[in-house]
Protein chains: 2
Amino acid sequence: MKEVNAALSGAKAKILKALAHQTRIYMVEKLSGGEKCVCEFVGETGLDFSTVSKHLAILKDAGIVRDDKRGQKVFYSLKVPCITNFLGCIETIIKSNLEEQSSMFK
Amino acid sequence: MKEVNAALSGAKAKILKALAHQTRIYMVEKLSGGEKCVCEFVGETGLDFSTVSKHLAILKDAGIVRDDKRGQKVFYSLKVPCITNFLGCIETIIKSNLEEQSSMFK
DNA sequence: CGGTTATTTGGTTATATTACCAAATAACAA
DNA sequence: TTGTTATTTGGTAATATAACCAAATAACCG
């Protein structure tokens, strides 16, 4: 692969890798409804505080979310709205996959 | 996390994981211009035949591409056009990240 | 200040991913 | 049939990820 292409695909892969985890997808979808603090995700997911914090750090490092410390709490919010549309395309794929699977039994 | 949410986010994660690799992103982008055989990707990427084949199998398993064997060759093509739009959103993020980085030096 | 809450950081272990090589399969050509 | 090309499959070693625990940091409260 040419170096230019490799660099660009690599940059895209970094962002996709940040999204490619069950918990982080859940977080991004929740954040499309507005900012949330770390503690809210801890309550909802049942994961350790440190685990949640690390997931959010990955999203932040990729440029998908931003953080805002107010008092003792850190609030995270979506930085890039188009992510939400993107996840719509993923749902299209899931539906299409399900239809194919069920048509195998006809 | 509730089981329903976990299952749905998990299904989405599977598809995103399939996309989350430099080589596979490159492949998907190339395929948006039309079908290609495995051998073409081998030539372009410089990777081993087996490696390329496995990457394509991951995309196929996720429902992103389909394959079509004709003669000795196997042609892969995009199954879901919206993937291309999605990658546009990723580029938005990359640009925004670059702008932030450069503004640090002002 | 001392205690509590919210969050991050560092360390460790388990699991997943990736790339290569070698071998198996499949279609075609001589 | 034998050889060649295209592709997949299986195995292995290196690297990356993810979850938890413990400890560090930071802000607030009494």
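Throughout, a chain's letter reflects where its sequence line sits, starting with A, and its residues are numbered from 1.
- In the hydrophobic cluster analysis, where Ile, Leu, Val, Met, Phe, Trp and Tyr join through side-chain heavy atoms closer than 4.5 angstrom, Val28(B) is grouped together with Ile15(A).
- If you measure from atom CG of Asp61(B) to atom C1' of dT17(C), you get 14 Å, rounded to the nearest angstrom.
- Computed from coordinates, the Asp68(A) CG to dA27(D) C1' distance equals 15 Å when rounded to whole Å.
- Taking hydrophobic clusters as Ile, Leu, Val, Met, Phe, Trp and Tyr residues chained together by side-chain heavy-atom distances below 4.5 Å, Met27(B) shares a cluster with Val42(B).
- A salt bridge is defined here as a Lys NZ or Arg NE, NH1 or NH2 lying under 4.0 Å from an Asp or Glu carboxylate O, and Arg70(B) with Asp68(B) meets this definition.
- Residue Asp67(B) is tested with Lys79(B), Lys73(B), Lys60(B) for a salt bridge (charged side-chain N to carboxylate O under 4.0 Å, His left out); the sole match is Lys60(B).
- A search for salt bridge (Lys or Arg N to Asp or Glu O under 4.0 Å) contacts involving Lys36(A) returns Glu40(A), Glu44(A), not counting sequence neighbours.
- Side-chain N/O atoms of His55(A) include none lying less than 4.0 angstrom from OP1 or OP2 on dT17(D).
- Taking hydrophobic clusters as Ile, Leu, Val, Met, Phe, Trp and Tyr residues chained together by side-chain heavy-atom distances below 4.5 Å, Tyr26(A) does not share a cluster with Leu87(A).
- No donor-acceptor pair closer than 3.5 Å links the side chain of Arg24(A) to the backbone N or O of Leu59(A).
- In this structure, Ser9(B) contributes its side chain and Asn5(B) its backbone to a donor-acceptor pair below 3.5 Å.
- With DNA chain C read from its 5' end, the first of the two nearest nucleotides for Ala57(A) and Arg70(B) is the one closest to Ala57(A).
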* Structure fact -> Letter by letter from the 5' end, nucleotides 3-8 of chain D scores (B base, S sugar-phosphate only, - none; protein heavy atoms under 4.0 Å) --BSBB

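- The stretch residues 9-34 of chain A has no heavy atom under 4.0 Å from DNA chain C, so no residue of it qualifies as close.
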